[in-house]
Amino acid sequence: MERQIQKPTPISGFPEWLPAEKLVEQRFLDRIRATYEAYGFTPIETAAVERAEVLTSKGGMEKEIYALSRLAAGEGEESETGLALHFDLTVPTARYVALNYGQLTFPFRRYQIQKVWRGERPQAGRFREFYQCDIDVIGDGQLSIVTDAEIPAIIYDLFRELAIGDFVIRISNRKILSGYLAHLGCAEDAVNGVLGTIDKIEKIGADKVRSEIEASGALSAEALDKVMALIATRRSNEELISHLYSVSGNERFTTGVDELAEVVEAVAALGVPDSHLEIDLTIVRGLDYYTGTIYETRLVDHPEIGSICSGGRYDDLASHFIDKPLPGVGISIGLTRLLSSLFKAGVVSASAQSPAPVLVTTLEREQTGEYLKLARYLREGGIKTEVFLEPKKLGQQLKYADKKGFRFALIAGGSEFEAGTVKLKNLVTGQEQTVAVGQMVHVLHQKLAQE
RNA sequence: GUGGCUGUAGCUCAGUCGGUUAGAGCACCAGAUUGUGGAUCUGGGGGUCGUGGGUUCAAGUCCCAUCAGCCACCCCA
């Protein structure tokens, strides 16, 4: 019988991390969860699929949505299921909140860490399957503007904890520019187009932004000058806010400035230093469903990575599903993109292939029970431990430990068993130390804490 | 979705003007005297050259198709 071997190929855009990388991802996920919960957010999870019409209710994303169908259907049966994989977590959340409106308590604070799928053409940093780590606060009819200040505080706490280098949270309020544009005579239906152009300023430069807006004819030459002057001038947060108060605009503009000023003040009260929060009127976020505060975060030393998390305030989460205004504010971390960028940039390295720091080596087959017992003591003492079970020479066992990134090898043979001791070998420094079995948990805890 | 580039070992790639049994580095496996890893040395396994067709005495090499991958745009996390 001939065996057909199918060549295993990766599927582009569907990343599968190696163990060392997956361990880093788990560590990140743990910290993201812990930080979200520290601010009182509660986890929810929604189905991987939604009814197709639910996903398309916002419009525009059809081409990116993977639909579900059965490979084969019986006579007269429909192979289409009418279901499709969710492409973000916002639409499912809206549906979930509307569905469970009566059972949820508002303001509803939820976090949601799930995979999403998009039928895009993949390339570096762009995936077809990836994790989003969302938090949102959703109010029933109203939601304090101070909530908008909690989001940067959470981001600040989290990225400091993740230790992936210096970062800056950029913040703005959509009402400011859109109000200003309207005030300067830009037609309402042209405002989003102009904002979209301004959003590209980092990529294409101020000159091209100007000529693109000019070409669109949305603004008079005089108005364009004013807009460019406002967005292109660098100012400190304090200077910019006082400058904005001196600029004349319409009511929307003024509301935006008031909101931004209040948020920035509250962010400071939450302990985020000025150095990590930057008001930047050029960030607008492509999605026009944001209506107020908007955020982006980037790494200072790696601007090429782009925004590592972004979000904002919206007036109404679930108008498609429920006849009640549900304003909210939230943010999403694209964990898969973040990690792949960090690996590529060398900001984090994935080296350890085992979550356990200790490998118990085995020298004598007839003492297997003793080795297993040693491992049990270590685990009972809270130390993750693996036992090497294959009949190989010590040298090969240490090589295995080295490759998998264990930090300590525990070595014991005849003489150690007789004396009731074990040898602890530090695999980084090569140093060895003999300790009594009763002391080994204590000693290891000390040594691991030192690193 | 639009445009460009590339497919040779697990990975990164070399392979001349078409010419004999297709190469390197890394990785992997084994060994270099009894219970000590990362280095070095020696040896070893592994490829129907993405797939299908065509041209030719002869194709990894040229042509066509197809599939896959990468990059840019678009969109965004």
Side-chain angles (χ1 to χ4, degrees), chain A residues 2 5-15 18 32 58 60-65 86-90 112-135 155 196 199-200 203-204 283-290 295-298 305-312 330-342 351 359 361-365 367 371 388 390-417 422-434:
Chain A
E2 196 161 326
I5 293 194
Q6 219 171 44
K7 195 175 179 183
T9 53
I11 301 172
S12 176
F14 289 77
L18 287 167
I32 291 169
K58 258 175 27 178
M61 294 288 272
E62 280 89 351
K63 279 190 208 160
E64 303 215 334
I65 298 175
H86 57 220
F87 59 86
D88 76 359
L89 300 177
T90 304
Q112 195 168 353
I113 299 173
Q114 287 185 242
K115 281 183 171 172
V116 304
W117 295 268
R118 291 188 192 173
E120 300 208 62
R121 202 116 139 212
Q123 48 190 273
R126 173 200 229 168
F127 299 92
R128 297 196 285 189
E129 176 180 73
F130 57 96
Y131 270 113
Q132 283 197 329
C133 311
D134 279 30
I135 31 167
I155 295 308
D199 195 34
K200 295 193 285 188
K203 203 166 189 180
I204 65 176
I283 64 163
V284 297
R285 301 270 77 223
L287 297 174
D288 52 8
Y289 104 118
Y290 292 121
Y295 322 93
E296 282 190 9
T297 304
R298 55 179 51 211
I305 292 177
S307 180
I308 54 178
C309 76
S310 43
I331 202 160
S332 177
I333 300 173
L335 181 63
T336 307
R337 172 182 284 182
L338 174 62
L339 272 177
S340 78
S341 302
L342 292 176
S351 45
L359 179 74
T361 61
T362 51
L363 297 175
E364 296 164 19
R365 294 293 284 167
Q367 299 286 4
Y371 296 120
F388 193 93
E390 302 306 311
K392 293 207 176 179
K393 291 194 284 191
L394 182 61
Q396 289 171 312
Q397 298 189 35
L398 290 173
K399 192 171 178 178
Y400 170 87
D402 182 52
K403 278 169 61 177
K404 275 206 171 174
F406 287 95
R407 289 189 273 164
F408 287 91
L410 190 148
I411 302 168
S415 52
E416 284 83 5
F417 285 127
V422 296
K423 241 189 235 174
L424 293 180
K425 183 180 177 82
N426 182 321
L427 291 166
V428 180
T429 64
Q431 283 175 339
E432 286 184 16
Q433 182 182 352
T434 302

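We name chains A, B, ... by the order of the sequence lines, and we start the count at 1 in each one. These numbers come from a predicted model, not from an experiment.
- Taking the P atoms as reference points, B:G69 lies 14 Å from B:C11, given to the whole Å.
- Following rounding to the nearest Å, A:R298 (CZ) and B:A77 (C1') show an atom-to-atom distance of 14 Å.
- The two residues A:I331 and A:G311 make their nearest non-hydrogen contact at CG1-N, 3.7 Å.
- B:C29 atom P lies 7 Å from atom NZ of A:K392, rounded to whole Å.
- Regarding A:W117, its CH2 atom lies at a distance of 17 Å from the P atom of B:A77, rounded to whole Å.
- Taking the salt bridge (Lys or Arg N to Asp or Glu O under 4.0 Å) definition, one finds that A:R128 meets it with nothing, sequence neighbours left out.
- Distances from the side chain of A:R337 to the nucleotides B:C28, B:A30, B:C76 place B:C76 closest.
- A:Q397 places a side-chain N or O within donor-acceptor distance of the main-chain N or O of A:K392, the cut-off being under 3.5 Å.
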A:L335 vs A:F130, test: side chain to side chain contact (heavy atoms under 4.5 Å, CB included). Steps then yes/no. CA-CA 7 Å; A:L335 181 63; A:F130 57 96; over 6 Å; no
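- Look at NE2 on A:H86: it is 13 Å from C1' on B:A77, rounded to the nearest Å.
- B:C57 sits 29 Å from B:U66 when the C1' atoms are compared, rounded to a whole Å.
- Nucleotides B:G54 and B:G44 are separated by 40 Å at their P atoms, to the nearest Å.
- Pairs of residues two or more places apart, or lying in two chains, that qualify as side chain to side chain donor-acceptor pair (under 3.5 Å) and include a residue from residues 331-342 of chain A are A:D134-A:S332.
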Just by protein heavy atoms under 4.0 Å, how would nucleotides 33-41 of chain B read 5' to 3' in B, S and -? --BBBB---
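- Whole-Å rounding puts the A:D199 CG to B:C76 P distance at 9 Å.
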Output a table of nitrogen or oxygen pairs between the protein and nucleotides 69-71 of chain B separated by less than 3.5 Å.
from, atom 1, to, atom 2, distance (Å)
B:G69, OP1, A:S12, N, 3.0
B:C70, OP2, A:S12, OG, 2.6
B:C71, OP1, A:A124, N, 3.4
B:C71, OP2, A:A124, N, 2.9

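- Taking the ring centroids of A:Y290 and A:Y295, they lie at or beyond the 6.0 Å cut-off.
- In this structure, the CD atom of A:Q132 is 7 Å from the P atom of B:A77, given to the nearest Å.
- When all heavy atoms of A:E296 and A:D199 are compared, the closest pair comes out as OE2-OD1, 4.4 Å.
- Here, B:U20 and B:A59 have their C1' atoms 14 Å apart, quoted to the whole Å.
- Pairing each heavy atom of A:G414 with each of A:E364, the nearest pair is N-OE2, 2.9 Å.
- Rounded to whole Å, atom C1' of B:C75 lies 14 Å from atom CD1 of A:I65.
- One cannot find a donor-acceptor pair under 3.5 Å joining the base of B:C76 and the side-chain atoms of A:R126.
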Its dot-bracket string being built from Watson-Crick and G-U pairs below 3.5 Å, with | for another strand and [ ] for crossing, RNA chain B has the pattern (((((((..((((.....[...)))).(((((.......))))).....(((((..]....))))))))))))....
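- Checked against side chain to side chain contact (heavy atoms under 4.5 Å, CB included), A:A401 has the following partners two or more places apart in sequence or in another chain: A:L359, A:F406, A:L427.
- Counting to the nearest Å, the P atom of B:A77 and the CG atom of A:L89 are 11 Å from each other.
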